[in-house]
Number of protein chains: 2
Amino acid sequence: MRHPSLTLLAASLLLASGVACAADTTIPSAAVKTAEQLRDKAMHDDTGYRIVTSLTEIGPRLAGSPADQRGVDWAVAEFKALGFDKVYTEPVTYPKWVRRSEHGAIVSPFPQRLVLTALGYSPGTPKGGLTAQIVRFEGLDALKAANPAAIKGKIVFVDYRMHRYKDGHDYGVGSPIRVEGPVIAQAKGAAGYLLRTVGTDPHSRTPNTGVTGFRDQTKTIPAAAVSNPDADQLERALATGKPVTVRLDLDCGIEGQYTGANVIGEITGAKHPDQVVAIGGHLDSWDPGTGAIDDGAGVAIAMAAGKLIHDLPQRPDRTIRVIAFANEEMGLWGGRAYAEKHAGDVRKFQLGTESDFGAGQVWRMSASVKPEARGAIEQIAKVLSPIGVAYDAKRPGGGGSDLSQMHGKGMAALSLTQDGTNYFDWHHTAADTLDKIDPKDMAQNVAVYAAFSYMAAQADGDFGSAPGAFANDGAGD
Amino acid sequence: MRHPSLTLLAASLLLASGVACAADTTIPSAAVKTAEQLRDKAMHDDTGYRIVTSLTEIGPRLAGSPADQRGVDWAVAEFKALGFDKVYTEPVTYPKWVRRSEHGAIVSPFPQRLVLTALGYSPGTPKGGLTAQIVRFEGLDALKAANPAAIKGKIVFVDYRMHRYKDGHDYGVGSPIRVEGPVIAQAKGAAGYLLRTVGTDPHSRTPNTGVTGFRDQTKTIPAAAVSNPDADQLERALATGKPVTVRLDLDCGIEGQYTGANVIGEITGAKHPDQVVAIGGHLDSWDPGTGAIDDGAGVAIAMAAGKLIHDLPQRPDRTIRVIAFANEEMGLWGGRAYAEKHAGDVRKFQLGTESDFGAGQVWRMSASVKPEARGAIEQIAKVLSPIGVAYDAKRPGGGGSDLSQMHGKGMAALSLTQDGTNYFDWHHTAADTLDKIDPKDMAQNVAVYAAFSYMAAQADGDFGSAPGAFANDGAGD
């Protein structure tokens, strides 16, 4: 049993008196002071915004596409231009999914175009399209409970309307409808799968794409998301009481394997170069937009934080490792490859977290660390508090999307939760473009990442990374 | 010289005493009372919303398309179902413009997709697309002033950012950039024309289409609008100082002539069946959306107003004529055909106006009528005031889009200005769908149209319609 509150109290008292137990991890006061300076400098620095601007000029970086390689080349060049000490890549291999075209229509009771987007790993429809009656479900539970006889040969339509929250928690409902739903529908004999877009803009006609859980390519059906206004139209068609027939015409699918790369830049630690603070984002994006908020922002935040630490008069004690992950979007391929490769070194990962929830300001921090490092986390929280970050000692820290995989291996991790109020208006849509990013918000994110990374790098002691250390912390991200 | 203020004062005094000059037009008090009842009933009636819902099920009704004919059939059937006394069509012939596909990209300095929409009457590009350097102008005046040598062989890019206003007046700047700009650019030797979308949503990637002023098909160049985020991207590309090359790939153009129809429904007047109050909207729409706010709403508002008058215990004195115009979007074809056909009967048009600015609430009324009818207009204003309509006695009344043409022939007309704050976020885009309409706002519009139409139909006297009567009233809409 851990008693974090007592530990925290003890740590606070000890810190107040400038003394720490041998077992407790602490941040030296000089490092705290430097972190405060880094924070304050970052709040008025546009490096992060400049980087994400440059990255969005690549355009959409669909994993395995020509732009994916341009993104890798860009990241290598950018790390070098920023002065990182070491820049390298690690290969990541995955199935290459290609989108060529996508069309849809209501055939009856009234003919009308449907604006839709094919989902990742969806196969194409037969030539001439797939025309079938739709059968509607309120959500995933209703689909799970459905009799296959009601589904066989039809196009399943799951009609869940996602709602807007600061922490984006309704994605926890919407995402499985997109990921698991098509697999369930296929198993019950559906001919195709449609969902109301996993997005919170009720008015836009740029639906949110995203990956399905199709892994076995012998068990797939065409799957697509319709925009909210189009889902409304389907509801009205169903309300007539007549059979509603829809045509899907998707030209997409898997074309063999592709080997991309995680791109890594390091600010080499002066005292413990083999011990790393790991931060990052993912380099790939969905193809309708330009991948500004998902996840150009995350890559830029981490790169800029590294750059600010690089610009200090001397190198930090430990290495700051910035990772631009490959193919997060279609199933954490970069993160899983990374974790597999580095699991044996997990003790060398001082602390880590990834930014992958847009560019809204960080408003909450939580951590999964050993009890003896709670005091150091409190020290970090105290530095981040003036820029709007509240420390929630009761929640675990999951490390973000790709780095959740290293956390799963035992890496001590933070969660730095951004304001996601508008995130799902634009996430995975054509509207994921640079105008969605406020340079001031970017600067705040960079300040958070620079300050925490530096403090973790300078800590006296570690945060508890060890094989399987946080297996039961309940981190969900 | 007219002295409207004195006339108004005189009319008010006379009305207050219950006496009117023989020369003054007035609304009998029984008619005012019935209009108030109509108004109050309409505020809680969903007929308008039901009609526009049904119309959007047709989908986009691009003039000359198969859905245009479906729209005509729908309107005939709907008028009949609503119980209109007389339902008929009048032919309207125009060039048929067809959109097949549209793509665009920045070629250099960094390759990237551009989300764009071809403009009405734009020709297609040659096979393989048109690739040329762009040359940017802040607005139309800069383009007009430009030396043709700076334009020849290039793609002109007019980069005016439209702003949001309740009365939508910035469309007065944006619209000419779309209509006149391509003609000016062609005359100066441009190879193509791009504009920042004439739309007020800075974040959407559904650009606003619309018509150009191309009339002579031997003098056209490919013309398209890019979304605001794409225009931002072009600005960033230009900011590099390097030449910016763009590829346009448009498959569209004119395919002969088409004959569509204005569809007209009448509630026949009991006393003066040949004298008409003319209201309406336009039946055609642009093709990306479903034509809900532009102009399904207008058609539905006018139809519903007619229906409410139809449901009174007895027919009004004069005829209520509801006109669903053909092909407003590509140059008021329906409105011009109507005015040409009926100009000789202009004295029989008691008063008229068209709804074509979305479905926001009416907040302002103005009128172009003879001085002796100002008192009657004041009476109408008094009935509309409790539902939020302010009378502006200083502005002319233009009659709306298509009916502006009858006003030009001398029809007395109102302007009933709707709240257009969000109108240009959606106008002519894929996002022009039913969810943009608030049923309560629709009801308010129907209340306005029903009340004013009935009062005009019951007036003792006319509003001054006569050939050329309002030629110099300055009505702009």
Side-chain angles (χ1 to χ4, degrees), chain A residues 50 53-62 65-67 70 74 101 103 105-106 108-115 161 201-207 226-237 239-240 244 287-293 422 425-426 429-437, chain B residues 50 53-62 65-67 70 74 101 103 105-106 108-115 161 201-207 226-237 239-240 244 287-293 422 425-426 429-437:
Chain A
R50 280 197 303 104
T53 300
S54 172
L55 178 50
T56 55
E57 289 171 0
I58 302 289
R61 302 170 299 282
L62 187 68
S65 70
R70 292 207 301 275
W74 171 91
S101 68
H103 301 281
I106 299 176
S108 63
F110 44 74
Q112 182 149 160
R113 184 170 75 113
L114 285 174
V115 176
R161 188 185 287 275
D201 185 338
H203 298 309
S204 92
R205 256 181 130 197
T206 45
V226 294
S227 82
N228 272 310
D230 290 87
D232 296 345
Q233 191 71 287
L234 283 175
E235 284 188 1
R236 286 189 291 270
T240 63
V244 177
D287 45 333
T290 64
I293 61 166
N422 298 318
D425 287 4
W426 306 316
T429 77
D432 177 1
T433 47
L434 185 64
D435 52 295
K436 309 310 180 297
I437 298 181
Chain B
R50 280 197 302 102
T53 300
S54 172
L55 179 50
T56 57
E57 289 171 0
I58 303 288
R61 302 171 299 282
L62 187 68
S65 70
R70 291 206 302 276
W74 171 91
S101 68
H103 301 281
I106 299 176
S108 64
F110 43 74
Q112 182 150 160
R113 184 169 75 110
L114 285 174
V115 176
R161 187 184 288 275
D201 184 338
H203 298 309
S204 91
R205 257 181 131 198
T206 45
V226 295
S227 82
N228 272 309
D230 290 86
D232 296 346
Q233 191 71 285
L234 282 174
E235 284 188 359
R236 286 190 291 271
T240 64
V244 177
D287 46 335
T290 63
I293 61 166
N422 298 317
D425 287 5
W426 307 316
T429 77
D432 177 1
T433 47
L434 185 64
D435 53 294
K436 310 308 180 296
I437 298 181

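Throughout, protein chains are lettered first and strands after them, A, B, ... in sequence-line order, and every chain is numbered starting at 1. All values derive from a computational prediction rather than experimental measurement.
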Of the listed residues (A:Ala67, A:Pro60, A:Ala431, A:Pro111), which shares the most heavy-atom pairs with chain B below a 4.5 Å separation?
-> A:Pro111
When heavy-atom pairs shorter than 4.5 Å are enumerated against chain B, which of A:Thr53, A:Asp425, A:Asn228, A:Asp435 gives the highest number?
-> A:Asp435
Contacting region of [X] [heavy-atom separation from chain B under 4.5 Å]:
| X | result |
| --- | --- |
| A:Gln233 | side chain |
| A:Pro202 | backbone |
| A:Asp232 | side chain |
| A:Pro109 | neither |
| A:Ser227 | neither |

Residues that A:Ser204 engages under side chain to side chain contact (heavy atoms under 4.5 Å, CB included), provided they are two or more places apart | A:Asp201, A:Thr206
Hits for side chain to side chain contact (heavy atoms under 4.5 Å, CB included) against B:Ser108, two or more places apart or cross-chain, chain-then-number order -> B:Thr245
Measure the spacing between NE2 of B:His203 and CG of A:Asp432 and express it to the nearest 0.5 Å.
-> 12.5 Å
Could you tell me the separation between the CD atom of B:Glu57 and the CD1 atom of A:Ile106, rounded to the nearest 0.5 Å?
-> 8.5 Å
Any donor and acceptor pair, going by atom type alone, linking the side chain of B:Arg205 with main-chain N or O of A:Pro288 inside 3.5 Å?
-> yes
Minimum heavy-atom separation for B:Thr56 to A:Gln112, with atom names?
-> O-NE2, 3.0 Å
